[in-house]
Amino acid sequence: MSKTIIISNRLPLQISIEDNNLEVTPSVGGLATGLKSFHRDGDSIWIGWTGLTEEEIPESLAQDVKKRALEEACVSVNLTAEEIEGFYYGFSNRTIWPLFHYFMEYTEAELSFWEIYKKVNQKYANEVLKHYQEGDQIWVHDYQLLLVPNMIREKAPEAIIGFFNHIPFPSYEVFRTLPWREEVLEGVLGADLIGFHTYDYERHFLSSVSRILRLQVDFNEVTLPNRIVKVDSFPMGIDYEKFEQAALNHFKNTSEEQSDLQNRLDHHLKTTPEAKLILSIDRLDYTKGIANRIRAFEYFLDRNPEYVEKVRLVMLAVPSRSNVPQYQRLKREIDELVGRINGKFSTVNWTPIWYFYRSMPFENLIDLYTSCDVALLTPIRDGMNLVAKEFIATRTYHTGVLILSEMAGASHEMNEAILINPNNFEQISSALKQALEMPKEEQIQRNKMLQKRLKRYSVEKWANDFIKALKNTKDNRNDSQSIKISTKVSSEILDTYKNAKRRILFLDYDGTLVNYTDKPENAKPDKELIELISKLNSGNKTDVVLISGRDKHTLGYWWAKTSVELISEHGVWIRKQNSEWELSENIKNDWMEAVRPVIENFVDRTPGTFIEDKNYSLAWHYRKADPELGEMRANELSSVLKELISNHGLSVLEGNKVLEIKSSDVSKGKAAGKKLVGEDYDFIFAIGDDWTDEYLFRELPEDAYTVKVGIKNTSAQYYVEDTKNVREILKLFADHT
Ligand code: ADP
Ligand code: G6P
């Protein structure tokens with residue numbers, strides 16, 4: 001039976017060694033806490049790091065560590081102290097983490113970190129490959145493993161691979177500053193499905209892919225030569241029932257069964273019944289806005305002295321990534337701030353901030369969630385923020401108020417919370433006042449709505465939706481009905497070719513025989529290509545026709561020394577073997593003067609675009625324009641032109657990053673059709689890569705071999721991935737002229 005292989009940097013369990021014994025604790029952090037229940041309930045293995053370096057594990061305990069992980073269907077990846085330094089504390093948490101959270105001033109571009117990151121990602125990929133069996137789904141998680149999807153793909157091309165990014169994906173303007181931006185994007189694009197928490201992160205990712213890698217992006221799909229990658233947003237939920245049930249059980253506890261923490265909280269509530277508790281929980285991370293939060297609390301007390309002795313901020317910060325200098329500095333800053341504010345406001349009976357710097361068992365988290373009146377969560381940036389959702393799930397009496405930063409992914413689904421800008425003290429201060437004074441009915445009304453949504457979109461549903469969408473990508477790998485030209489298929493075609501008495505090959509030029517270049521004039525045929533085409537054309541059984549949208553001058557110049565037949569401008573001109581150019585029919589071009597200024601206007605408004613003036617057509621190229629702007633202007637120009645040229649016998653062709661206006665009587669299909677009239681070819685072969693070639697594919701007789709370069713939207717019977725494959729097939733033909 002197929003299984004799911006989950007792979008993340010950290011396993012859901014952390015192992016430590018105390019007096020030669022293994023101690024196991026649950027991992028903290030949204031990824032581990034969220035995915036745990038999906039892993040527990042499903043058929044999956046989880047590959048990751050235990051938290052111990054290789055050096056910390058004595059040989060006598062190495063097997064025990066592995067065994068202990070296996071008991072929870074986890075496979076441990078061994079990492080040395082040096083690897084952890086460069087990969088985890090280094091590239092993951094000193095480069096990607098700050099950059100993706102828009103802390104550019106903290107981002108370090110250190111080559112040695114990157115080298116180790118690559119090495120460790122390969123280590124994870126190798127571990128996955130050891131466990132992978134055909135039919136399994138592989139689900140890679142988070143920013144520590146951005147290169148893993150493609151590393152797996154290289155060794156297992158057919159594998160179904162999903163990737164989920166648990167942190168924000170920054171805007172293109174920020175992402176582009178990363179020195180290794182291409183490699184990172186290519187790494188992630190090894191996946192079939194890429195998931196983000198919000199649509200904004202998805203949008204930013206797609207924009208980087210189209211701008212940096214210049215790949216074709218249509219809505220939420222990226223087209224690679226041989227695959228389509230789907231990108232979507234799946235906001236992660238929580239194990240709602242677990243938190244709700246824990247809260248219900250919590251209220252059933254007798255005072256003897258209660259934790260010390262709960263007793264302390266109860267004591268506080270009894271002694272100052274009118275006082276309120278404000279809760280703050282996060283990993284100690286600069287993205288969480290903890291320092292700002294404390295300052296905003298100070299501001300609130302300054303502004304609202306009537307709340308002195310009436311409110312208390314209960315602040316829980318979990319130690320995190322403490323080898324990274326920014327985290328050490330933050331720790332000192334928070335310690336000082338708490339000290340200063342407690343010093344400033346404390347009275348004999350009251351300290352404004354209770355500060356805990358430690359991880360807490362689940363039961364204590366529930367104590368805090370259920371006992372506090374307000375949760376104040378003010379991250380400056382946060383991929384999701386599960387604490388906000390957990391707080392709401394535990395409010396079984398439906399009271400309590402959530403104040404949440406609009407910079408947290410969770411804010412998109414939690415509109416009924418009081419949403420604030422974490423950089424605006426005044427707003428936080430008035431949100432606190434509003435929360436503390438909010439009537440019970442309003443609290444209940446808001447929370448019921450939040451709870452209904454969180455219950456429905458639980459972590460289980462999140463994971464199932466992702467896996468379902470991932471499995472579906474298998475069916476979408478090729479969205480047309482065309483068949484890939486494998487070795488077997490190409491040898492079948494070759495057999496027919498060899499047995500044929502008269503053959504004709506229609507070959508498109510750009511994107512088929514040569515790759516696209518930034519400027520059309522740079523795509524000159526190379527020596528190998530000229531020799532190949534000449535050889536194909538040399539026997540008397542085969543007619544080769546280069547059929548292109550190019551102007552006759554360029555095409556004629558490039559192929560001057562060969563006798564190959566040329567059709568230019570989609571069929572306007574023909575240069576038969578060893579002949580001069582002839583106009584194929586009487587085509588008008590007097591319309592050009594009226595249309596050119598319209599296109600010129602678009603050139604002026606769209607940097608990087610230009611007009612190619614052909615004899616009987618005008619082409620507007622936008623390959624070098626900003627991809628999004630280019631597409632937008634292409635749509636606009638296309639509709640402007642269609643209106644302008646209606647009833648004039650002209651049409652607008654939408655090619656690969658080019659719009660071309662020409663007579664409707666001209667198309668590659670019509671030109672090829674004319675060529676076949678009265679001929680008795682028994683092998684017809686046509687190959688091309690864009691929309692203009694579709695006219696050719698459609699016009700040819702049914703027994704013709706039609707081949708698309710690329711996989712998207714074609715009526716061709718067959719497809720190949722790239723120009724390299726095109727040449728391979730042509731070489732086979734050339735060997736049997
Ligand atoms: P992040 O993923 O950035 O750490 P989230 O809010 O998404 O932030 O997830 C944090 C997770 O860690 C939550 O599931 C929360 O219950 C857990 N957690 C937070 N603080 C503590 C703590 N002091 N002890 C134990 N678990 C904690
Ligand atoms: C965030 C990240 C996780 C990470 C967690 C805890 O939630 O998205 O990938 O595991 O923080 O951080 P840590 O560095 O301790 O694994």
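These numbers come from a predicted model, not from an experiment. Both ligands and their constituent atoms are indexed starting at 1 by order of listing.
Ligand 1 has a nitrogen or oxygen under 3.5 angstrom from a nitrogen or oxygen of Arg283. Taking any N or O of Asp282, backbone or side chain, none lies under 3.5 Å from an N or O belonging to ligand 1. Close N/O approach between Leu365 and ligand 1 is not found [any backbone or side-chain N/O within under 3.5 Å]. The shortest N or O to N or O distance between Phe243 and ligand 1 is not under 3.5 Å. Between Leu316 and ligand 1, a contact under 3.5 Å exists for no N or O pair. At a 3.5 angstrom cut-off on N or O pairs, Thr33 counts as close to ligand 1.
At least one heavy atom of Arg283 lies less than 4.0 angstrom from ligand 2. Judged by the shortest distance from any of its heavy atoms, Met384 lies outside the 4.0 Å radius around the atoms of ligand 1.
For His197 and Phe164, the gap between ring centers is short of 6.0 Å.
Side chains of Asn342 and Thr351: no donor on one and acceptor on the other come within 3.5 Å.
Side-chain contact between Leu316 and Trp354 is absent, with no heavy-atom pair separated by less than 4.5 Å.
Between the Thr95 side chain and the Ser92 main chain, no donor and acceptor come within less than 3.5 Å of each other. Side-chain N or O atoms of Tyr199 include none that pairs as donor or acceptor with a backbone N or O of Ser233 at under 3.5 Å.
Both the backbone and the side chain of Val387 come within 4.0 Å of ligand 1, judged by heavy-atom distances. Of the heavy atoms in Asn9, none comes closer than 4.0 Å to ligand 2.
Distance from atom 14 (O) of ligand 2 to its nearest protein heavy atom, with residue and atom name: Tyr88 OH, 2.5 Å. Closest to atom 11 (O) of ligand 2, if we only count protein heavy atoms, is Arg321 NH2, 3.2 Å.
The pair Arg293-Asp282 meets the salt-bridge criterion, with a side-chain N (NZ, NE, NH1 or NH2) lying under 4.0 Å from an Asp/Glu carboxylate O.
Across Met360, His101, Lys288, heavy-atom proximity to atom 24 (N) of ligand 1 is greatest for Met360.
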